[in-house]
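Remarks on the structure that follows.
So that the names make sense, note that chain A is the first sequence line, chain B the second, and so on, each numbered from 1.
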Number of protein chains: 2
Amino acid sequence: MKESNSKIRIKDIAELAGVSEGTVDRVLHNRGEVSAKSREMVEKVLTEINYSPNLIARSLASKKSYRFICLIPEHAKTDYWANVERGFDQAAAEFLQYNIVLDKWYFNQFDATTFIAACEEISDSLPDAVLMAPIFRDETLQFAKILKEKSIPFSFIDSMIEETDFLTYYGQNSFQSGYVAARLLLEDLPADSKVIFLRTQRKGAVSNQTLARKSGFLKYIEEHGLQSLELINVEMNDKDETANRNTLAEVFESQENIRAAITFNSKVFRLALHLQELNHSDVRLIGYDLLNENVKYLQQGVISFLIAQRPDKQAYLSVRDLCTELIFKQKVNKVNYMPIDILMKENIEDYLHFKE
Amino acid sequence: MKESNSKIRIKDIAELAGVSEGTVDRVLHNRGEVSAKSREMVEKVLTEINYSPNLIARSLASKKSYRFICLIPEHAKTDYWANVERGFDQAAAEFLQYNIVLDKWYFNQFDATTFIAACEEISDSLPDAVLMAPIFRDETLQFAKILKEKSIPFSFIDSMIEETDFLTYYGQNSFQSGYVAARLLLEDLPADSKVIFLRTQRKGAVSNQTLARKSGFLKYIEEHGLQSLELINVEMNDKDETANRNTLAEVFESQENIRAAITFNSKVFRLALHLQELNHSDVRLIGYDLLNENVKYLQQGVISFLIAQRPDKQAYLSVRDLCTELIFKQKVNKVNYMPIDILMKENIEDYLHFKE
DNA sequence: TATAAATCCGTGTGCGTACACAGTAATAAT
DNA sequence: ATTATTACTGTGTACGCACACGGATTTATA
């Protein structure tokens with residue numbers, strides 16, 4: 001297949017085709033100045049021996065340098081996006097030797113104008129590629145259009161906008177991860193159980209992620225005839241935790257048989273805290289993403305399961321694919337769903353310690 | 001930390017230290033012929049600027065080639081070890097450009113003499129490193145001794161023998177994975193439930209893996225006060241499936257409330273088949289490793305959970321670490337436990353499709 | 001002191017590729 | 001026919017490192 005003799009050099013091809021190394025090089029990178037006859041000869045040899053260039057030598061010789069832009073939300077050090085950023089940094093370190101530079105840009109995920117501003121500066125700086133989290137749909141569509149005009153390739157991470165002409169996407173299948181959460185939360189639950197859906201009010205738009213997760217969750221209920229379960233929507237305030245505590249306390253006072261709870265965003269630790277304080281840690285609780293706080297409550301047994309999606313890996317692989325496509329000129333896969341990792345108290349340690 | 005200026009070349013160091021490139025090279029690879037004074041100068045510069053060599057240029061220039069031996073059990077194409085082998089092949093393809101060759105050797109995991117024979121041939125051939133699955137404890141100890149005498153580094157995969165002086169180990173924490181299995185299998189099970197432990201008779205010794213898993217499982221029972229659960233040990237024959245079917249049928253006829261079953265090896269698909277045929281698919285069933293057959297029954301809902309350990313990744317990382325240590329002269333981590341992956345019908349698809 | 005030996009050190013070449021540049025041949029314009 | 005233009009092709013150098021070779025300097029031996 002692809003192995004064959006990777007020991008064949010340009011020099012050998014030149015000999016076989018009866019031309020010079022320079023000509024072979026011109027054919028390989030098709031930058032003209034080659035007679036039809038020579039091109040034909042070289043191409044014939046090329047397909048015959050199934051040439052694969054020595055990437056080592058290539059990147060040594062190449063004086064080209066690439067600049068990739070990563071555009072993600074600004075965030076605290078313990079946030080989900082911090083993990084994404086770690087993946088970028090790792091990729092940056094590793095691909096430094098291939099002459100690539102990663103420039104990181106941030107925007108406020110609750111303020112679209114900051115995204116727009118960043119986009120303008122980025123497209124003016126003419127990078128070789130852009131890697132972004134398309135939090136704002138319309139604005140991203142606009143940006144994608146501009147990038148296309150300037151022939152700057154771009155990739156999505158975390159979520160994607162299918163109508164655009166992106167290079168790759170790495171992220172979780174949110175719908176499916178909601179479906180998974182449903183099974184973990186609802187299996188073997190008594191039929192008269194009530195389930196809390198926690199939602200946090202935010203200024204910005206509701207994220208597609210959480211919506212899709214919820215859809216998947218509801219789909220599971222439908223498919224498994226669990227309509228007898230009562231779903232209680234609880235709205236939480238983004239700032240006033242005392243108010244939230246009271247809200248929850250009221251819910252538990254007014255309702256019986258609350259046996260499960262879930263949040264579709266990554267802020268389950270707040271719910272965990274309240275449940276613990278209110279002495280309701282026996283409620284089965286599920287959330288998303290391995291924030292430090294989430295992990296803490298998982299280890300304490302307050303959270304039953306966390307669903308994770310390897311954000312650092314997403315970032316790393318996105319960068320790697322950019323290199324594969326732009327530098328090594330090899331085709332990459334477009335849509336890449338991450339595994340839906342199920343973590344619980346008992347397997348979180350090995351998961352966290354595992355370093356590739 | 002480690003970033004710093006990776007743009008510093010040997011040439012630059014030579015200038016800073018007031019010596020020639022050759023001298024710097026001699027210091028770097030400490031192969032003598034350097035005066036104390038020169039060495040000191042160079043080393044001073046070296047620590048000051050925290051030199052990291054250009055690996056690209058290094059591997060281009062180096063005409064050294066390394067031969068690594070992989071020693072694993074012979075196996076069918078759908079076996080667990082086939083996945084391990086895939087990881088080796090992937091590593092081989094990727095590190096081909098660094099002039100490394102992977103030679104694969106096989107032994108019969110039920111016949112120690114085949115292992116011994118392979119070991120002899122391998123140590124006679126003087127490879128640069130050995131990577132093996134230490135199925136046979138005593139024989140591996142012996143082999144390790146010989147390898148040490150010949151200064152041939154070696155690594156373990158799948159399981160390890162701690163008393164030896166191995167370079168790295170990649171594998172699952174079997175005890176913990178049994179503990180995980182216990183929670184998945186036993187949580188919310190009625191107190192009068194009975195649980196089937198399936199064991200397959202084999203000529204060879206019982207593997208450490210399965211023993212450790214079972215210990216972990218029992219530990220969970222102990223720690224969670226689940227002694228009321230009745231554990232039924234069922235022995236299965238390796239060949240006669242009709243007999244096995246009958247054995248199981250008898251167990252189900254003579255016992256009530258059998259609600260769960262587990263095997264601590266990878267052959268859960270056989271149990272799944274029988275349970276399906278005997279109309280006991282409602283029994284909660286757990287097993288290990290993603291053999292095709294296991295996955296099939298997971299997708300059908302006969303198997304509730306499979307616990308996986310990324311065998312291909314284990315193999316790949318083992319080879320990578322060998323390169324890191326021997327070629328790039330960087331320290332690697334010794335004991336590496338893989339994540340304990342929890343798979344169910346709902347998240348197996350994305351897990352299988354995910355290609356890094 | 002002369003010579004041999006040992007120790008130390010700089011230069012040069014090669015790894016396979018990219019690309020600039022110069023050189024040759026073919027074609028067009030004068 | 002001579003020159004200018006274009007089309008094509010080969011050679012050479014650089015990338016950063018490894019390592020061989022031989023030159024230079026010091027030390028030992030006679």
Side-chain angles (χ1 to χ4, degrees), chain A residues 4-43 45-46 49 51-66 95-100 326-330, chain B residues 4-43 45-46 49 51-66 95-100 326-330:
Chain A
S4 77
N5 6 14
S6 86
K7 291 285 167 192
I8 298 179
R9 301 160 300 169
I10 286 186
K11 193 174 178 180
D12 302 318
I13 296 171
E15 264 177 42
L16 287 171
V19 296
S20 79
E21 295 183 49
T23 303
V24 175
D25 182 72
R26 276 179 281 263
V27 173
L28 282 175
H29 299 81
N30 45 274
R31 45 178 156 84
E33 321 280 277
V34 178
S35 68
K37 208 197 304 169
S38 300
R39 151 160 287 120
E40 203 179 322
M41 290 301 299
V42 172
E43 270 166 356
V45 176
L46 239 33
I49 58 101
Y51 173 69
S52 71
N54 182 325
L55 298 180
I56 304 283
R58 165 170 293 178
S59 58
L60 213 223
S62 175
K63 36 204 58 160
K64 245 186 235 145
S65 87
Y66 293 83
F95 293 108
L96 186 65
Q97 31 180 292
Y98 292 105
N99 271 328
I100 82 138
L326 301 181
I327 304 183
F328 305 138
K329 319 279 188 205
Q330 289 167 16
Chain B
S4 77
N5 7 15
S6 87
K7 291 285 166 192
I8 298 180
R9 303 159 299 170
I10 286 186
K11 194 175 178 180
D12 301 318
I13 297 171
E15 265 178 41
L16 288 171
V19 297
S20 78
E21 295 185 48
T23 303
V24 175
D25 182 71
R26 276 178 282 263
V27 173
L28 282 174
H29 299 81
N30 46 275
R31 45 177 154 83
E33 323 278 278
V34 177
S35 68
K37 207 195 309 171
S38 299
R39 153 161 289 121
E40 203 179 323
M41 291 299 302
V42 172
E43 272 167 356
V45 175
L46 238 35
I49 57 100
Y51 173 68
S52 71
N54 182 325
L55 300 181
I56 304 284
R58 165 172 291 178
S59 60
L60 181 62
S62 174
K63 37 203 57 158
K64 242 187 237 142
S65 85
Y66 293 83
F95 293 108
L96 185 65
Q97 28 180 292
Y98 292 105
N99 271 328
I100 83 137
L326 301 181
I327 304 183
F328 305 138
K329 319 280 188 206
Q330 289 167 15

Q: May I ask you to evaluate whether B:Arg26 reaches the phosphate of C:dC9, defined as a side-chain N or O under 4.0 Å from OP1 or OP2?
A: no

Q: Compare side-chain N and O positions of A:Tyr51 against OP1 and OP2 of C:dT17 and report whether any pair is under 4.0 Å apart.
A: yes

Q | B:Lys11 vs B:Val24 side-chain heavy atoms within contact, under 4.5 Å | A | no

Q. Does CD in A:Glu43 sit with more than 12 non-hydrogen atoms of other residues, nucleotides or ligands closer than 6.0 Å?
A. yes

Q: Pick base, sugar-phosphate or nothing for B:Ser59, based on heavy-atom distances below 4.0 Å to the nucleic acid.
A: nothing

Q | Toward the 5' end of DNA chain D, by each residue's nearest nucleotide, B:Ala57 or B:Arg31 | A | B:Ala57

Q) A:His29 side chain N/O closer than 4.0 Å to the phosphate oxygens (OP1, OP2) of C:dC19? A) no

Q. If you check every side-chain atom of A:Thr23, which of D:dT9, C:dG10, D:dG16 has the closest atom?
A. D:dT9

Q: Rounded to the nearest 0.5 Å, what's the gap from OH on B:Tyr51 to CD1 on B:Ile49? Could you check?
A: 8.0 Å

Q. What are the two closest non-hydrogen atoms of B:Arg39 and B:Asn30, and how far apart are they?
A. NH2-CB, 4.0 Å

Q | Phosphate OP1/OP2 of C:dT11: any B:Ser20 side-chain N/O under 4.0 Å | A | no

Q. Within less than 4.0 Å of OP1 or OP2 of C:dC9, is there a side-chain N or O belonging to B:Ser35?
A. yes

**Q.** D:dC17 OP1/OP2 closer than 4.0 Å to side-chain N/O of B:Arg58
**A.** no

